[in-house]
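Shown next, in structure tokens, is the structure this report addresses.
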Amino acid sequence: MRALEVVELTGQPFAASAPRIGAPRWDTVIIGLDWETTVLDERLAQRTDDMFAAGLVDEVLGLLDCGLRDGVTAARALGYAQVIAALDAGGTDEQFAEARELTFIGTRRYVRRQRSWFRRDHRVHWLDGAAPGLADEVIARWRDVS
């Protein structure tokens, strides 16, 4: 729908409205940290487990009392949307387990889209986030432009 709106309003192809990737400003270096997909998935699963263990359900309950449903964006955020759906369905342990799984799956999809998007940016210097000496490599890249 968004692409059709842009074409209708501008008369230009949708791709013409995409930002152009130019040279970095102010002598900066853009560093991207990446991990192997299996390691990244493990980290995402652990992060999701940690969010739920740290009280995501209670957080959502508190925010619902403050009008979370009235907002356009926050109620659709990863984790919040899944917990709200579980609460609306009755809030059983099984429904919260499903909410946790759906949060993980949604986060994994989001990360895949981010990786794909940023990989197209030729300015990004990709480094292995698990590599020994990572901090030294980042500093070396930074010093090359400073």
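Treat the numbers as computed from the prediction; the structure is a model and nothing was measured. Numbering of residues begins at 1 and proceeds along the displayed sequence.
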Closest non-hydrogen atom pair between Gln82 and Ala77, with its separation: OE1-O, 4.0 Å
Beyond-backbone contact of Asp34 with Asp128, side-chain heavy atoms, under 4.5 angstrom: no
Path from Met51 to Ile105 over hydrophobic side-chain contacts below 4.5 Å: no
Over all atoms of both residues, closest heavy-atom pair of Ile31 and Arg141: CD1-CB, 3.9 Å
pair Arg47-Phe104: side-chain heavy atoms closer than 4.5 Å: no
Whether over 12 other heavy atoms sit under 6.0 Å from Gln114 CD: yes
Test item: Phe96 and Leu87 side chains (from C-beta on) under 4.5 Å apart, heavy atoms: yes
Nearest heavy-atom neighbours spanning Ala75 and Leu68: CB-O, 3.6 Å
hydrophobic_cluster_shared for Leu44 and Leu56, side chain cutoff 4.5 Å: no
Minimal non-hydrogen separation, Arg100 against Thr48, with atom names: O-CG2, 3.5 Å
Within 6.0 Å of CD in Glu98, more than 12 heavy atoms from elsewhere: no
Atom pair CH2 (Trp126) and CG (Asp121), whose distance is rounded to the nearest 0.5 Å: 8.5 Å
Residue pair Val83 / Gln95, side-chain heavy-atom distance below 4.5 Å: no
Side chain proximity check, Thr37 to Arg115, heavy atoms < 4.5 angstrom: yes
Single-linkage hydrophobic cluster, 4.5 Å side-chain cutoff, Leu127 and Leu40 together: yes
Heavy atoms from other residues, nucleotides or ligands near CG of Asp88 exceed 12 (cutoff 6.0 Å): yes
CG-CG distance between Leu63 and Asp58, expressed to the nearest 0.5 angstrom: 11.0 Å
His125 and Ile30: CA distance, side-chain angles, deciding distance, side chain to side chain contact (heavy atoms under 4.5 Å, CB included) verdict: CA-CA 6 Å; His125 298 270; Ile30 302 171; 5.6 Å; no
Shared hydrophobic cluster for Trp117 and Tyr110 (ILVMFWY, side-chain gaps under 4.5 Å): no
Validation row: Phe52, Thr103 side chains within 4.5 angstrom (heavy atoms): yes
Donor-acceptor contact present, side-chain Ser116 to main-chain Arg112, <3.5 Å: no
Working for side chain to side chain contact (heavy atoms under 4.5 Å, CB included), residues Asp41 and Val111: CA-CA 10 Å; Asp41 286 350; Val111 167; over 6 Å; no
